[in-house]
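Residues take their numbers from the sequence shown, with the count starting at 1. Keep in mind that what you see is a predicted model, and the values were worked out from it rather than measured. Just so you know, ligand 1 is whichever comes first in the structure, and atom 1 is the first atom listed for that ligand.
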Amino acid sequence: MKEYEKMISGKLYDAGKIEPEYASRPGRALAQKIGQVSLLERDTIVSMEKELFGSTGESIYVNPPLYVDYGFNTHIGENFYANMDCIFLDVAPIRIGNNVMFGPRVSLVTATHPLDEGVRNRGLELGYSIEIGDGAWLGANVTVNPGVKIGRNSIIGSGSVVVKDIPDNVIAVGNPARILRELNEEDKKFWEAEERRYYEDKG
Ligand SMILES: CC(=O)SCCNC(=O)CCNC(=O)[C@H](O)C(C)(C)COP(=O)(O)OP(=O)(O)OC[C@H]1O[C@@H](n2cnc3c(N)ncnc32)[C@H](O)[C@@H]1OP(=O)(O)O
């Protein structure tokens with residue numbers, strides 16, 4: 001089994017022995033290059049981002065600067081927006097659904113290390129994949145730990161550290177993130193009424 005195959009399947013691997021065709025440096029360098037493009041050249045940024053990530057929907061925008069480990073191990077759905085300074089540490093696959101929104105400085109970290117100091121410093125490491133469900137919104141400075149799945153339409157409050165799976169349709173906050181409450185029909189009614197008022201005010 002190739003070191004890369006071990007890496008993306010949650011097994012211990014040696015980062016120093018990843019086969020050259022799967023090297024992380026080109027993705028990191030492309031992310032760095034995206035950060036050097038003028039923000040006025042949005043079309044250029046988007047087309048470079050589509051080249052960087054493993055797959056994306058048609059309508060995506062990740063506000064630079066952005067940081068990746070590989071880039072091609074991150075898969076993004078349709079209609080994705082991420083604010084500036086986000087980190088996609090994708091040694092294991094990251095899968096982001098449709099209609100997802102990230103605040104600034106969201107970190108998705110799939111990488112982890114052995115808890116034993118000796119094994120850790122002899123260079124073996126591992127990663128667990130992360131999934132972000134359709135319609136989720138992650139606030140500013142959210143960290144998602146290795147192996148975590150965030151459910152459909154769920155909201156993660158700013159500054160939260162998500163260490164366990166979050167179900168669909170909830171608000172979760174804090175470190176470690178805990179469910180604050182479920183999203184419900186009242187939320188929908190309230191926000192749809194606010195939306196109607198906005199369009200009425202516009203005349
Ligand atoms: C593309 C972009 O996203 S850019 C914009 C980025 N914006 C953000 O990051 C803002 C993210 N928003 C939040 O974090 C909000 O607090 C939300 C959406 C999670 C919750 O908002 P609300 O429903 O209005 O929650 P509310 O302010 O009523 O707080 C409810 C309780 O949760 C607590 N709480 C709310 N947010 C957080 C948080 N981020 N971390 C810890 N606790 C929190 C409050 O202290 C309160 O606790 P209490 O009942 O003990 O007093």
Under 4.0 Å from [atom], is there any protein heavy atom?
atom	value
atom 49 (O) of ligand 1	no
atom 29 (O) of ligand 1	no
atom 39 (N) of ligand 1	yes
atom 32 (O) of ligand 1	yes
atom 46 (C) of ligand 1	no

Among all protein heavy atoms, pick out the one at the shortest distance from [atom]; state its residue, atom name and that distance to 0.1 Å.
atom	answer
atom 2 (C) of ligand 1	Gly103 CA, 3.4 Å
atom 1 (C) of ligand 1	Phe102 O, 3.2 Å
atom 3 (O) of ligand 1	Trp137 NE1, 2.8 Å
atom 23 (O) of ligand 1	Ile171 CD1, 4.2 Å
atom 15 (C) of ligand 1	Gly157 CA, 4.9 Å
atom 4 (S) of ligand 1	Asn83 ND2, 3.6 Å
atom 25 (O) of ligand 1	Leu180 CD2, 4.7 Å

Worksheet item: So is there a nitrogen or oxygen of Ser160 less than 3.5 Å from a nitrogen or oxygen in ligand 1?
Response: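 Min N/O separation from ligand 1 is not below 3.5 Å for Ser160.
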Discussion item. Any nitrogen or oxygen of Tyr81 lying under 3.5 Å from a nitrogen or oxygen in ligand 1? Just yes or no.
Written reply: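 No.
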Closest candidate by heavy atom, reference [atom], pool [options]:
atom	options	result
atom 43 (C) of ligand 1	Asp187, Val173, Ile155	Val173
atom 8 (C) of ligand 1	Pro104, Ala82, Ala140	Ala140
atom 13 (C) of ligand 1	Gly174, Gly159, Ser158, Gly139	Ser158

Worksheet item: Which atoms form the tightest heavy-atom contact between Val62 and Ile45, and what is the distance?
Response: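 Looks like O-CG2, 4.4 Å.
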Worksheet item: Between Lys50 and Thr56, which heavy-atom pair has the shortest distance, and what is it?
Response: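 Heavy-atom minimum between the residues: CG-OG1, 3.5 Å.
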Discussion item. Name the residue from Trp137, Phe80, Tyr81 that meets the ring pair (Phe, Tyr, Trp, His ring centres under 6.0 Å) definition with Phe102.
Written reply: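 The option that passes is Phe80.
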Discussion item. Does Lys188 form a salt bridge (Lys or Arg N to Asp or Glu O under 4.0 Å) with Glu192? I'd like the steps, not just the answer.
Written reply: CA-CA 6 Å; Lys188 191 174 173 57; Glu192 285 180 351; 3.0 Å; yes
Would you say [Y] ends up clustered with [X] if hydrophobic residues are merged whenever their side chains have heavy atoms under 4.5 Å apart, either directly or through other cluster members?
X	Y	value
Val106	Val163	no
Val148	Ile94	yes
Leu30	Ile76	yes

Worksheet item: Hey, mind stepping through Arg105 and Asp85 against salt bridge (Lys or Arg N to Asp or Glu O under 4.0 Å) and telling me if it holds?
Response: CA-CA 5 Å; Arg105 297 205 165 131; Asp85 232 8; 2.7 Å; yes
Item to complete: Consider only side-chain N and O atoms of Asn79 and Asn99, and report whether a donor and an acceptor are under 3.5 Å apart.
Response: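 A donor-acceptor contact under 3.5 Å links the two side chains.
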Worksheet item: Is the closest side-chain donor-acceptor distance between Asn169 and Asn153 under 3.5 Å?
Response: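 A pair is found: one side chain offers a donor N or O, the other an acceptor, under 3.5 Å apart.
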What side-chain donor-acceptor pairs closer than 3.5 Å can you find for residues 119-131, not counting sequence neighbours?
residue, atom, partner, partner atom, Å
Arg120, NH1, Pro114, O, 2.9
Arg120, NH1, Leu115, O, 3.4
Asn121, ND2, Glu117, O, 3.0
Asn121, ND2, Glu117, OE2, 3.2
Glu125, OE2, Tyr13, OH, 2.8

